[in-house]
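Only one structure is covered here, and it is reproduced in the block below.
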Amino acid sequence: MMHTANFNICPHNGECGGCVYQGVPYEEQLANKAGEVKALLDEKEIAYGELLPIEPAPSRYEYRNKMEYTFGDMVKNGPTTLGMHKKGHFMSIVTVDQCQLVHPDFNAILKATLDFVNEKGYSHYHKRKHTGLMRHLIIRRGVRTGEILVNICTSSEGGGAKADLQTFDEDAYVQLITGLQLENKVVGVLRTINDRLADAVYCDELRTLYGRDYYNEEIMGLKFQVSAFSFFQTNVDAVENLYTYAINQIDDFEGKKAFDLFCGTGTITQVLARKASEVVGVEIVEEAVEMARETAAKNGLDNCRFIAGDCFKVLDSIDDKPEVIVVDPPRVGISNDALDKIVGYGVDQIVYISCNPKSLANNLYYMQYYGYKVVSVKPFDNFPGTKHTECVALLSRK
């Protein structure tokens, strides 16, 4: 459900490093992003059949289903804050309790958590001294199911990170979170213990303080159980549009063998499996592969298999020959040795889903030399307000 609040320039603008396009009319944001894609393709002299209009996001606000907030302070030894890193400052944290990219429930949980921490007098983790109790707050939401998972990350009491021997009151925190008046339903309150020195969320121990350690989500008609730390698409509605478009680019995969490379949690793999004879999904993140396998079993699909590992090494070690290939690589794009394997199969069509137009242009440039023609490129704005642009490119060997 979209809230009809009046979204003007965010009150955190100027300090929070999140949204670069504050106050820029949406049409102009889209034009900038589409222009950037065109410039990158032209710079590499890529001969594309057509550059299609950029697809706007289904919603410009409240679209993020996950946030990872950090405890800290804005000024040295100042009051504890909870939110995002200040623009250009490693040490300063801005409290973002009015963020427009998340559902209002996120802001309510953030505010309540910060008040709780300040009332209790808990110290925040200090990145240089490596002392302090409170480290991060991670909130995740099932957009289609209305389920929320709250994960509070702390040092252990008197643990490796010298938490000043403060004890985090787990029961009081659960009572606080479950007592909030929210639109969504909190299905789990978790506590992550992290005694690593680095300023990143690492899980030494995960405790379920209330409910369960996952939320449910639905995407492309498939059901997913998303656990505390597993990778999942950040904007469900937008990615569903993008995936639907990408799959529709394939002329015909009925009864064919398909590869879904860099498949993440296997959403596209499973959609292809409904019509293809067999689909092989390859993904380097073990946990994503585990989720993909569980989801496929739950969704009753037995004609897709998932292999965990580096794309080049996996392709080098299997004898399967695909007839259709979909790739959805990380920001760095596809390495040349993996590209050699991919173009070497000589399939008629390759669908390339990209989260970084720059690495996309580099890869398309390389693939052109192997007889692949870029039929079309379509940009998608899945993250309004930010600098990120996704694209779907169709390559053909015909």
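Remember, it's a predicted structure, so these values are computed and weren't measured experimentally. One-based numbering along the sequence shown. These numbers come from the heavy atoms of this one structure, side chains and all, not from hydrogens, waters or symmetry mates.
To the nearest 0.5 Å, the span separating CD1 on Ile109 from CG on Leu182 amounts to 5.0 Å. One finds the NZ atom of Lys111 at 11.5 Å from the CG atom of Leu82 (value rounded to the nearest 0.5 Å). In this structure, CE on Met84 lies 4.5 Å from CE on Met67, to the nearest 0.5 angstrom. With values rounded to the nearest 0.5 angstrom, Leu190 atom CG is found 11.5 Å from Ile177 atom CD1.
Evaluation of the ring pair (Phe, Tyr, Trp, His ring centres under 6.0 Å) rule for Tyr365 yields Tyr369 as partners, not counting sequence neighbours. Here Tyr352 pairs with nothing under the ring pair (Phe, Tyr, Trp, His ring centres under 6.0 Å) rule; sequence neighbours left out.
Classification of the Tyr345-Phe259 ring pair by plane angle, with boundaries at 30° and 60°, yields perpendicular. In this structure, His130 and Tyr125 have tilted ring planes: the angle between them lies in the 30° to 60° band. Note: Tyr122 and Phe168 have tilted aromatic rings, judged against thresholds of 30 and 60 degrees for the angle between ring planes.
The backbone N or O of Ser227 lies less than 3.5 Å from no partner atom in the side chain of Asp213, so there is not a single donor-acceptor pair. In this structure a side-chain-to-backbone donor-acceptor pair under 3.5 Å is missing from Glu323 to Gly255.
At a threshold of 4.5 Å between non-hydrogen side-chain atoms, the residues Val239 and Phe232 do not count as touching. The shortest side-chain heavy-atom distance between Met74 and Val94 falls under the 4.5 Å cut-off. Under the 4.5 Å side-chain criterion, counting only non-hydrogen atoms from C-beta, Pro104 is in contact with Glu62.
A side-chain donor-acceptor contact under 3.5 Å links Tyr370 and Asp340.
Of the options Gln29, Arg60, Lys33, a side-chain hydrogen bond (donor to acceptor under 3.5 Å, both in side chains) to Asp381 is made by Lys33 and by none of the others.
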